[in-house]
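Below is one structure, written out as structure tokens; comments come after it.
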Amino acid sequence: MDIEELHATAELAQLVLSDTEAAALSEAVTQMVDYFARMQEIDVDDLPPTTHALLTRNRVRPDAVRQSAVADALLERAPDLEDRFVVIPNVL
Amino acid sequence: MKSYWKTVLTGGQDLDEYRAAVQDRNRELGAFLEFDPTRCAASTPDDAVVDGSAAAERVAGLPYAVKDNIAVSGFSLTCASRMLDGFRSPYSATAVRRLDAAGARPVGKTNLDEFGMGSATENSALAETHNPWDRSRVAGGSSGGSAVAVAAGMVPFALGSDTGGSIRQPAAFCGVYGLKPTYGAVSRYGLVAYASSLEGIGVLAADVDLTEAVFHIIRAEDEMDHSSIACPRELLDADSSAATDLRIGVLGGELGLDEVVATGYGRTVERLSELGFSVTAVELPTLEYSVPAYYTIAAAEASANLARYNGVRYGLRPDYAENPEELVRGAREQGFGPEVKLRILLGTYVLRSGFQEQYYLRAQKIRTAIRSDLARLFESVDVLCMPVFPVQPFAHGEAGLSPFQQKLADRFTSTANLAGVPALALPVGVERGLPLALQLLAPAFHEHRLFRAARVLEQYAPPATPPDYPPLWVKAGVPG
């Protein structure tokens, strides 16, 4: 994978790469993508895809309001709070 | 063994001795990122969800370690990442709550490859972990800290997580038992997500009895995990006593093992026949496609799961950002290590428009082929036997295996994750001063077959402990 394509992918992944990092990652990503080409050797065209090995149905629970005992504790873990709102930089 | 740990946890001098002994060993080995045996010693079980069972009786009063990507209320939950350094969990994973209820006590959080991504625990951003058999070598990974904590006698058992071999491979490298349960048998609630369709919480322990007892306690359907699956009723209490009436299929052919591992594997297979098992050689034609399919799917799922680390609600936030976009990018640039960035990039790439069919969809079809391959084998054998890893514990750093070589070496472990079936790594001897191991696989929810076979081997040759680190309960002179 060339550096340009790597940066395009990094952009999608919300990653910023330094030049040194990009060089090292480009090599490592290319090595893996080349290796993935091995998957073309096996004929699986007629097989259905497996998304989960054992799940046969989606599990849901009733859409009902419940009290959470950890809501406050989770909020406390935000880097910056104002009342019960998480603060982030202004959108300019 | 049990009575000593119970004594230790009642407090007083014994507890101090225990703490000091673990801390001494931890300075040499780096198993724990955080260790505090008093924090949970006095806590009251949350719910009496487990009581009176033989398994609960077996683990009551025992201290245990928890991989630091599994939530334990009041302890750190760093995933060995700068992104979550200093983060403390406000709640406990379902598996931990069930152990609480059974009377076991978490005493610390163990080191791992960042977010579970690695095979040597060398991708931790927070600490170095060493193999107790030879400290110049790696512990395996990603549950390396948990494996070392058990192997070096610091705790009798530990929880780990296994996405492509992350319990079994470090268990093999450190000479302990490592169980990756059937997918969905143990709730993932409280396990920090990496590759959701492949991973699960499992057990590392010093003997088969304890491995099984802990598994029985943490196994449960859980409404907090949409992918949890109830074990079929008729298999819940299936006989797991030692027995040789099992048909074992032994993976043959050119396996690409190094000489020492190949010799050890051959010797153990011969021993299976001598012990009375019905042994047949089998082949798994899809095996060579496991690793590319596994890394395609794992990276794709990782790229989605790790999108949540954006510096907003929790985790690392850069000191300065002009706007939200810069905030997100700054957090991810500073917070993630190279291996995590690699897998996010790979995952993003294989999911890009135009590439999905070539990579992700193809990997999912290969996953179907692997499941069929195993299902076919399990029609004629009860248990499948194969190596865990092609080499013994390797040296730290550049003298060891490269990151790419480590990935290729996941070929024996990733199959069980792709198929969702249970697998157990068990110690089968020591060669050149390092442990040798074997892996057994069974059909979904047939963990009892793994225990039946493992017990026979355990009786024949009980696992050895590293010469420098005899179990602390023996050192303290308290009879088991």
Side-chain angles (χ1 to χ4, degrees), chain A residues 1 5-6 8-18 21 24-29 31-33 35-56 58-61 68-80 86-92, chain B residues 87-88 90-91 182-184 197 223 226-229 286 288-289 292-293 295-296 303 307 310-315 317 321-324 326-330 332-333 336 338 341-342 344-346 348-350 352 359 361-369 371 403-404 407 418-421 444:
Chain A
M1 183 187 293
E5 188 143 32
L6 184 78
T9 308
E11 177 84 15
L12 293 170
Q14 302 262 43
L15 289 172
V16 185
L17 306 176
S18 69
E21 217 172 15
L25 281 168
S26 163
E27 194 178 321
V29 170
Q31 196 172 31
M32 286 304 286
V33 170
Y35 178 60
F36 288 167
R38 178 170 292 197
M39 292 194 292
Q40 305 301 325
E41 292 169 8
I42 179 173
D43 180 11
V44 288
D45 290 345
D46 297 335
L47 294 178
T50 294
T51 51
H52 266 84
L54 303 171
L55 281 187
T56 50
N58 197 17
R59 257 177 89 107
V60 291
R61 61 173 187 249
S68 165
V70 294
D72 289 331
L74 287 168
L75 274 174
E76 280 166 23
R77 282 155 176 81
D80 198 3
V86 175
V87 180
I88 59 166
N90 289 326
V91 180
L92 296 175
Chain B
F87 186 84
R88 304 199 84 74
Y91 62 85
T182 302
Y183 181 83
S197 81
E223 64 168 12
H226 78 97
S227 60
S228 102
I229 307 168
T286 53
E288 61 181 304
Y289 304 104
Y295 273 97
T296 302
S303 71
N310 56 16
V312 175
R313 290 168 310 223
Y314 54 86
R317 176 180 282 190
E322 280 277 349
N323 53 52
E326 217 180 275
L327 175 91
V328 174
R329 291 177 182 203
R332 292 164 73 78
E333 182 186 13
F336 291 142
K341 287 179 180 169
L342 167 62
I344 291 175
L345 284 169
L346 265 180
T348 308
Y349 182 77
V350 299
R352 274 176 71 174
Y359 298 112
L361 186 64
R362 193 159 192 95
Q364 288 181 317
K365 289 181 172 183
I366 291 176
R367 193 171 182 183
T368 306
R371 285 172 60 204
F404 184 63
K407 290 183 178 74
L418 288 163
V421 302

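Per chain, numbering begins at 1; letters A, B, ... match sequence-line order. These numbers come from the heavy atoms of this one structure, side chains and all, not from hydrogens, waters or symmetry mates.
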Proximity breakdown for B:Ala321 and chain A, heavy-atom pairs closer than 4.5 Å
both

How long is the span from the OG1 atom in A:Thr9 to the CD1 atom in B:Ile344, to the nearest 0.5 Å?
12.5 Å

Can you find a pair of side-chain heavy atoms, one from B:Asn323 and one from A:Pro89, that are under 4.5 Å apart?
no

Under 4.5 Å to a heavy atom of chain B? For A:Val60 that would be neither

Report which part of B:Ser303 has an atom under 4.5 Å of a heavy atom belonging to chain A: side chain, backbone, both, or neither.
neither

Taking the side chain as everything from C-beta on, heavy atoms only, tell me whether A:Ile88 gets closer than 4.5 Å to B:Arg317.
yes

Checking heavy atoms, do the side chain of A:Asp45, its backbone, both or neither come under 4.5 Å from chain B?
both

Who wins among B:Val421, B:Leu346, B:Ile229 for the most heavy-atom pairs under 4.5 Å with chain A?
B:Leu346

Ignoring hydrogens, what is the shortest heavy-atom contact between B:Glu288 and A:Glu41? Give both atom names and the distance.
OE1-OE1, 4.5 Å

Which atoms of B:Arg352 are under 4.5 Å from chain A, going by heavy atoms: the side chain, the backbone, both sets, or neither?
side chain

Heavy-atom closest pair (B:Ser228 atom, A:Arg59 atom, distance to 0.1 Å) is O-NH1, 3.2 Å

Where is the tightest heavy-atom contact between A:Asn90 and B:Pro324, given as atom of each residue plus distance?
O-CD, 3.6 Å

Heavy atoms only, distances under 4.5 angstrom: which of B:Gly184, B:Gly311, B:Ser227 has the most pairs with chain A? Name it, please.
B:Ser227

Contact part of B:Leu342 toward chain A, heavy-atom cut-off under 4.5 Å: side chain, backbone, both or neither?
both

Relative to chain B, which segment of A:Asp72 carries a heavy atom at a distance below 4.5 Å: side chain, backbone, both, or neither?
neither

Could you check A:Val33 against B:Tyr359 for side chain to side chain contact (heavy atoms under 4.5 Å, CB included), going step by step and ending with a plain yes or no?
CA-CA 9 Å; A:Val33 170; B:Tyr359 298 112; 3.2 Å; yes

Does CD belonging to A:Glu27 count more than 12 external heavy atoms closer than 6.0 Å?
no

Which atoms of A:Leu17 are under 4.5 Å from chain B, going by heavy atoms: the side chain, the backbone, both sets, or neither?
side chain

Is there side-chain contact between B:Tyr183 and A:His52, with at least one heavy-atom pair below 4.5 Å?
yes

Quick one: pull up CG in B:Leu327 and CG in A:Asp80 and give me the separation to the nearest 0.5 Å.
10.5 Å

Test side chain to side chain contact (heavy atoms under 4.5 Å, CB included) on A:Leu47 and B:Arg362; report intermediate values, then the result.
CA-CA 9 Å; A:Leu47 294 178; B:Arg362 193 159 192 95; over 6 Å; no

Heavy atoms of B:Val312 and A:Val86 approach each other most closely as O-CG1, 3.3 Å

Among B:Thr286, B:Leu361, B:Ile366, which has the most heavy-atom pairs under 4.5 Å with chain A?
B:Ile366

Of the non-hydrogen atoms in A:Thr51 and B:Arg367, which two are nearest, and what is the gap between them?
O-NH1, 3.2 Å

Under 4.5 Å, counting heavy-atom pairs only, tell me which of A:Pro48, A:Ala8, A:Ala73, A:Ala28 racks up the most with chain B.
A:Pro48

Would you say that B:Phe404 contacts A:Tyr35 through its side chain, given a criterion of any heavy-atom pair below 4.5 Å between the two side chains?
yes

Hey, does B:Tyr349 have a side-chain heavy atom less than 4.5 Å from the side chain of A:Leu6?
no

Tell me, out of A:Glu5, A:Glu76, A:Arg61, who's got the most heavy-atom pairs with chain B below 4.5 Å.
A:Glu5

Please classify the contact between B:Ala363 and chain A as side chain, backbone, both or neither, with a heavy-atom cut-off of under 4.5 Å.
both

Does the distance from a Lys or Arg side-chain N to an Asp or Glu carboxylate O, for B:Arg329 and A:Glu11, drop under 4.0 Å?
yes

What is the minimum heavy-atom distance between A:Ala13 and B:Arg332, and which atoms define it?
O-NH2, 2.9 Å

What's the separation between atom CD in A:Gln14 and atom CG in B:Asn310, rounded to the nearest 0.5 Å?
8.5 Å

Side chains of B:Tyr289 and A:Val44, heavy atoms from C-beta outward: is any pair under 4.5 Å?
no

If you count heavy-atom pairs within less than 4.5 Å of chain B, which of A:Glu21, A:Met1, A:Met32 leads?
A:Met32

Any side-chain heavy-atom pair from A:Leu25 and B:Lys341 closer than 4.5 angstrom?
yes

Could you check whether any side-chain heavy atom of B:Arg313 comes within less than 4.5 Å of a side-chain heavy atom of A:Arg77, counting everything from C-beta outward?
no

Tell me, for B:Val350 versus chain A, whether the close heavy atoms (under 4.5 Å) come from the side chain, the backbone, both or neither.
side chain

Donor on one side chain, acceptor on other, A:Thr50 and B:Arg371, under 3.5 Å:
yes

Using a strict threshold of under 4.0 Å (side-chain N to carboxylate O), is an ion pair present between B:Lys365 and A:Asp43?
no

